[in-house]
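Basis for what follows: all heavy atoms, side chains included, without hydrogens, waters or symmetry-related copies. Since the model is a prediction, treat every value here as computed from it, not as a measurement.
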Amino acid sequence: MKDQFQARMLRIHFGEGDKWQGKPLHQAIVAKCMELGMAGASVYRGIEGTGQVPESITPVIGRSRRTRQSC
C-alpha cells in the first residue's frame, strides 16, 4: 500500500496550441504525472476565459476571438 499524504491541487492554464518537445502540452503534463506516480491528473477544455487584460477569449472554429470587456 502506498503512503498517504495530504491532497494538493495544481491548476495550470495554457493554450491549445502550446507544445512541449513537439507534442501537445496537456499530453506531456499528464504523462509526467503518471511517470511520477501521482494519484491523478485531469485535462479540461475551457470554453471562454479572461486573463490579465480585460478581454474575453472565445474559440471561433479552431482559433481564438478576443473581445473587449466593458467594466
Side-chain angles (χ1 to χ4, degrees):
M1 183 173 179
K2 288 188 174 185
D3 292 332
Q4 299 295 312
F5 297 96
Q6 183 176 354
R8 302 216 191 258
M9 182 174 81
L10 172 65
R11 185 173 293 158
I12 304 170
H13 298 266
F14 52 88
E16 287 187 58
D18 293 333
K19 297 193 180 298
W20 175 257
Q21 297 181 345
K23 69 180 183 180
L25 183 56
H26 70 276
Q27 290 178 358
I29 291 171
V30 170
K32 189 63 173 181
C33 290
M34 291 173 63
E35 177 186 319
L36 294 172
M38 292 187 168
S42 300
V43 176
Y44 298 98
R45 183 173 189 219
I47 302 299
E48 184 173 0
T50 186
Q52 293 178 343
V53 294
E55 294 179 338
S56 173
I57 302 170
T58 307
V60 179
I61 309 173
R63 67 182 197 284
S64 291
R65 178 182 70 204
R66 295 177 182 266
T67 56
R68 285 295 219 192
Q69 295 286 332
S70 56
C71 296

Discussion item. Nearest 0.5 angstrom please: Asp18 CG to Ile12 CD1, how far?
Written reply: 11.0 Å
Item to complete: Verify the cluster assignment for Leu25 and Leu10: are they in a single hydrophobic cluster under the rule of side-chain heavy atoms below 4.5 Å apart?
Response: yes
Item to complete: Could you identify which residues cluster with Tyr44, counting Ile, Leu, Val, Met, Phe, Trp and Tyr as linked when any side-chain heavy atoms lie under 4.5 Å apart, either directly or through a chain of such contacts?
Response: none
Worksheet item: Can you list the residues that meet the side chain to side chain donor-acceptor pair (under 3.5 Å) rule with Glu35, with sequence neighbours excluded?
Response: Lys32
Item to complete: Please identify each residue that fulfils side-chain contact (heavy atoms from CB on, under 4.5 Å) with Arg8, with sequence neighbours left out.
Response: none
Response to the item:
So the side-chain hydrogen bond (donor to acceptor under 3.5 Å, both in side chains) pairs with at least one residue in residues 20-30 (sequence neighbours excluded) are none
